[in-house]
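Since the structure comes first, as structure tokens, the remarks are kept for the end.
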Amino acid sequence: MHEIRIAEDLSAIVLETAEREGLAKVTRVNIRFGQMIQVVPDVFEFAFREIVRDTVAGDAEVDIEIIPVKMNCLNCRTEFLVRDNLFACHNCNCTDLGIIQGKELFIKSIEGE
Amino acid sequence: MEIKIMKNILDRNQNMANDVRALLAEKKIVMVNIISSPGAGKTTLLERTCEKLAMKFRIGVIEGDITTDRDAQRLKKFNIPIVVINTEGGCHLDSHSISKVLDSFDLDNLDILFVENVGNLICPSQFDLGETFKLAVVSTAEGDDKPAKYPMIFRDARAVLLNKIDLIPFTNFNINNFKADLFRINSGIPLFEVSFTRGDGLSSWFEWITDQIS
């Protein structure tokens with residue numbers, strides 16, 4: 001359900017940007033979600049479309065890039081992708097980790113004319 | 001024409017959360033964002049904790065509920081400041097709703113502020129409220145697969161309370177599976193195995209939460 005709130009905040013950014021840039025039509029919205037955000041793309045897209053209906057972004061395509069979770073070991077500096085929820089270094093098994101990617105909730109750009 | 005934005009979609013929530021966090025730090029108040037499924041025992045946790053600690057610390061509570069003030073009613077007897085936020089269908093609290101109700105508390109006379117989030121394991125974990133830390137509550141009746149299915153909250157929480165351990169004999173809950181999944185996600189996380197209704201395991205929880213305040 002958090003998809004709805006995220007879609008609301010996204011639509012505000014999209015519409016503000018379109019107005020500022022003088023776009024008559026937004027054709028595409030490019031976003032990036034980390035896997036840890038647990039957004040269901042279909043639900044998100046449905047919510048976004050409902051919110052922007054009858055606006056300049058009403059026909060925009062939504063491009064969602066899902067980013068896998070990547071951590072780095074604070075002990076041996078190894079970088080690794082997290083699989084099966086295992087948050088431990090693949091090299092030394094240490095669990096002192098920093099996150100490199102996987103919690104993104106980003107709007108990259110919008111396209112329009 | 002492509003317009004680069006590169007911005008966090010929840011910027012507005014994050015900015016307000018940062019403000020809340022700064023204000024609470026200035027007032028030396030610990031804010032605990034309690035997250036669980038519906039019925040895991042968040043309100044009972046607060047009842048037990050107030051019984052034990054309300055004489056020792058100045059406790060405040062923000063009750064997030066979709067509708068009704070039933071949880072707040074259960075805490076009335078402790079004579080502590082309680083504010084209810086009804087989200088009217090919303091599945092989580094956000095930093096704006098917290099910021100608005102902070103005015104209702106006397107922040108110079110508060111040690112700890114418990115926020116009982118809306119019962120839900122996914123949505124609340126995405127919205128920073130400005131809390132000092134998140135606390136996950138899970139009960140054995142929900143099954144042992146919660147960490148594996150909702151890793152984010154178990155990764156982000158500072159501690160986990162496993163409630164209703166007295167019910168294990170009547171369920172298919174496997175505590176070894178639960179722990180194995182939990183510690184894969186967050187290996188050092190403190191885990192309290194408790195029964196809020198029967199009282200098991202509560203002393204180590206009281207000790208831990210006291211350490212967080214002091």
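Quick note: numbers below take in every heavy atom, side chains included, and nothing from hydrogens, waters or symmetry partners. Computed from a predicted model, the values in this text were never measured in an experiment. Letters A, B, ... are given to chains in the order of the sequence lines, protein chains preceding strands, and every chain is numbered from 1.
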For chain B, the option from A:Glu111, A:Glu113, A:Lys108 that forms the most heavy-atom pairs under 4.5 Å: A:Lys108

Taking every non-hydrogen atom, the tightest pair across B:Asn33 and B:Glu131: ND2-OE1, 3.3 Å

Flag for B:Gln14-B:Asp128: side-chain donor and acceptor within less than 3.5 Å: yes

B:Phe173 and B:Phe178 aromatic ring geometry - parallel, tilted or perpendicular at 30°/60° bounds: tilted

Electrostatic pair A:Glu16:A:Arg20 at N-O distance under 4.0 angstrom: no

Proximal component of B:Phe154, with respect to chain A [non-hydrogen, under 4.5 Å]: neither

Most contacts with chain B, counted as non-hydrogen pairs under 4.5 angstrom, among A:Val26, A:Asp84, A:Leu97: A:Asp84

Toward chain A, the part of B:Asp156 with a non-hydrogen atom under 4.5 Å: side chain

Partner chain A: residue of B:Lys4, B:Lys7, B:Glu2, B:Met152 with the largest heavy-atom pair count (under 4.5 Å): B:Lys7

Leading residue by heavy atom contact count with chain B [cutoff under 4.5 Å; candidates A:Ile13, A:Asn30, A:Ile37]: A:Ile37

Under-4.0 Å salt bridge between A:Glu65 and A:Arg32: yes

Proximal component of A:Ile4, with respect to chain B [non-hydrogen, under 4.5 Å]: neither

Between B:Ser95 and B:Asn13, a side-chain donor and acceptor under 3.5 Å: yes

Check: A:Phe33 ring centre within less than 6.0 Å of A:Phe44 ring centre: yes

Winner by heavy-atom pair count (cut-off under 4.5 Å) against chain A, out of B:His92, B:Arg12, B:Gln126: B:Gln126

Chain B contact via A:Arg28 - side chain, backbone, both or neither, heavy atoms under 4.5 Å: neither

